[in-house]
Amino acid sequence: MLRHAIAPSRRYTKASHDVVRHPRLTSDAKILLLYVQGLTTESADKPLSEHARKLGITGRAYQKAKELLVVNGFLHERRQQGVRGLWATAQLLSNVSLTPAEAATVCLGRASEGSEAPETAMCPGAPDPAVGEPAIGEPVDRVVGGQLPVDEEREKNSPHPPSEAKPDPDPDPEVKPEPGAAPDAPLPPDVAEGERVLLSLRHACRELYLGAKEARTLAALAAEWLRRGITAAQLRRVLTSELPDGGVRSAVGFLRYRLVHKLPEEPRPEVPAPKPVVAAMIPCAGPGEEHLFRPARGEELCGPCGRAEARRFWLRQRELAEGQPAPLPWRERFAAVNGPRVEPC
């Protein structure tokens with residue numbers, strides 16, 4: 001293969017071979033990473049989805065590229081709350097793979113260095129712009145007046161009499177739990193095992209990630225599989241195999257559909273085999289001294305006597321066969337059937 005390359009003198013982005021030749025990154029993920037790395041500081045202050053939209057990477061392709069960047073340590077996202085109480089998602093895209101601890105260190109370093117950073121990078125002692133200056137003077141009590149008492153206003157403006165004041169409850173009331181409420185009651189063994197199987201699916205496929213409450217809602221369906229003789233390994237294999245080509249949009253809906261529609265049949269109870277009927281002892285009809293035997297198929301002779309009788313029978317058949325004349329040759333039999341041959345005139 002021939003190559004022709006001209007090194008650009010301007011408007012270029014340095015790309016590491018570790019990124020370009022990464023075996024687990026797709027082309028969309030590499031292009032998105034290199035595109036963002038080549039932007040200026042002002043242009044890069046946008047969400048990653050907007051940069052991907054400019055490159056034509058949308059929908060499932062963007063989700064796949066973002067997932068690969070997160071899994072391989074190039075993209076890190078962090079939910080943080082600013083000094084004004086607003087939550088925001090901070091994204092860090094690096095051209096080298098970073099661990100979560102390294103990414104947190106980089107974010108803290110950027111926040112401390114930037115003087116014109118957003119609200120998450122403000123100094124601890126800086127005043128909040130949203131909070132105004134305090135009022136001048138000492139605090140005073142609220143002015144009371146301008147409203148009629150409740151007794152004077154009851155008959156004219158209120159169609160219903162005011163409710164009587166309820167006595168204050170005890171400072172430390174004893175909370176008695178309801179008899180039917182048991183939030184921390186232990187689950188049955190099969191339901192707990194089904195919940196553990198559902199929570200372990202995240203390690204086999206990231207698209208089947210379930211929360212604790214979601215797994216608890218599907219645990220009863222998974223327990224029914226275990227009660228029908230399916231092991232935990234077999235259940236995990238059924239739920240993670242043959243996933244849709246377009247990906248799983250809802251892990252809860254997909255797993256509920258598969259648990260309901262692929263439920264195996266209930267094991268049929270084993271029918272015990274009928275016990276063999278033992279026949280009673282009967283006397284043998286053969287010659288010799290009288291002896292007993294147990295018949296198997298209604299025979300009248302025991303085993304030794306039956307074999308001896310069969311041997312005598314075939315000996316008589318052989319003697320009868322030897323006393324018969326030899327069979328005629330085939331030509332004579334043919335002539336006896338068709339008559340003598342007539343010569344033509």
Side-chain angles (χ1 to χ4, degrees), residues 23-26 29 48-49 59-81 87 89 91 97-101 103-104 174-273:
R24 291 185 296 274
L25 291 181
T26 60
L48 186 63
S49 58
R60 180 59 187 168
Y62 168 70
Q63 296 293 338
K64 186 66 176 179
K66 180 180 177 182
E67 179 182 355
L68 293 176
L69 291 174
V70 172
V71 170
N72 294 279
F74 293 98
L75 176 62
H76 296 269
E77 292 182 337
R78 182 182 180 184
R79 292 279 296 173
Q80 55 188 6
Q81 188 177 15
W87 286 91
T89 301
Q91 293 179 329
S97 180
L98 300 178
T99 61
E174 297 182 359
V175 180
K176 297 182 180 181
E178 299 180 2
D184 297 333
L187 297 175
D190 50 355
V191 178
E193 181 66 19
E195 184 178 0
R196 284 193 293 270
V197 173
L198 294 174
L199 291 175
S200 66
L201 298 180
R202 67 184 70 177
H203 305 295
C205 180
R206 290 177 57 88
E207 297 179 349
L208 301 180
Y209 187 96
L210 291 178
K213 293 184 178 179
E214 295 173 338
R216 184 65 59 87
T217 57
L218 301 178
L221 297 176
E224 185 62 26
W225 284 64
L226 300 178
R227 282 192 290 266
R228 299 192 178 189
I230 305 299
T231 62
Q234 293 173 347
L235 177 59
R236 188 179 298 106
R237 190 180 306 111
V238 170
L239 297 179
T240 57
S241 61
E242 298 181 2
L243 298 179
D245 297 335
V248 178
R249 296 185 178 181
S250 174
V252 179
F254 173 78
L255 293 176
R256 180 183 291 109
Y257 181 87
R258 181 159 288 192
L259 287 172
V260 172
H261 290 80
K262 285 197 172 184
L263 183 66
E265 298 181 356
E266 294 185 3
R268 299 179 179 178
E270 298 181 359
V271 179

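What you see below is based on every heavy atom in this structure, not just the backbone, and it leaves out hydrogens, waters and symmetry mates.
With hydrogens and angles disregarded, no donor-acceptor distance shorter than 3.5 Å links the side chain of Gln91 to the backbone of Leu75. Without hydrogens or angle criteria, Arg202 side chain to Leu199 main chain gives a donor-acceptor distance under 3.5 Å. His76 places a side-chain N or O within donor-acceptor distance of the main-chain N or O of Leu98, the cut-off being under 3.5 Å. Counting only distance, with no hydrogens or angles, the side chain of Thr240 and the backbone of Ala204 share no donor-acceptor pair below 3.5 Å. Without hydrogens or angle criteria, Trp225 side chain to Leu259 main chain gives a donor-acceptor distance under 3.5 Å. Judged by distance alone, with hydrogens and angles left aside, the side-chain atoms of Arg227 form no donor-acceptor pair with the main-chain N or O of Asp190 at under 3.5 Å.
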Checking Lys213 against Glu195 for the salt bridge (charged side-chain N to carboxylate O under 4.0 Å, His left out) test, could you report, in this order, the C-alpha distance in whole Å, the side-chain angles of both residues, the deciding distance, and whether it holds? CA-CA 10 Å; Lys213 293 184 178 179; Glu195 184 178 0; over 6 Å; no

Side chain to side chain contact (heavy atoms under 4.5 Å, CB included) evaluation trace for Leu239 with Leu198: CA-CA 9 Å; Leu239 297 179; Leu198 294 174; 4.0 Å; yes

What's the verdict on salt bridge (charged side-chain N to carboxylate O under 4.0 Å, His left out) for Glu214 and Arg256, showing C-alpha distance, side-chain angles and the deciding distance? CA-CA 10 Å; Glu214 295 173 338; Arg256 180 183 291 109; over 6 Å; no

Might you work through the side chain to side chain contact (heavy atoms under 4.5 Å, CB included) test for Arg206 and Val71, ending with a clear yes or no? CA-CA 10 Å; Arg206 290 177 57 88; Val71 170; 3.8 Å; yes

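The closest side-chain heavy-atom distance from Arg78 to Thr89 is not below 4.5 Å. Between Phe74 and Leu68, every side-chain heavy-atom pair lies at or beyond the 4.5 Å cut-off. The shortest side-chain heavy-atom distance between Leu201 and Leu255 falls under the 4.5 Å cut-off. Side-chain contact between Leu243 and Phe254 is present, with heavy atoms from C-beta onward closer than 4.5 Å.
Nearest heavy atoms, Val238 versus Ser241: O-OG, 3.6 Å. Residues Gly194 and Leu226 approach most closely at N-CD1, 3.7 Å, considering heavy atoms. Taking both residues in full, the closest heavy atoms of Glu193 and Ala232 are given as OE2-CB, 3.5 Å, listed atom of the first, atom of the second, then distance.
When the shell of 6.0 Å around CZ of Arg249 is examined, it contains 12 or fewer heavy atoms from other residues, nucleotides or ligands.
Between atom CZ of residue Arg196 and atom CG of residue Leu187 there is a gap of 9.5 Å, rounded to the nearest 0.5 Å. Atom CG in Leu221 sits 14.5 Å away from atom CZ in Arg258 (nearest 0.5 Å). Atoms CG and CG, on Leu48 and Leu69 in that order, are 7.0 Å from each other to the nearest 0.5 Å.
Of the N and O atoms on the side chains of Arg236 and Ser200, at least one donor lies less than 3.5 Å from an acceptor on the other residue.
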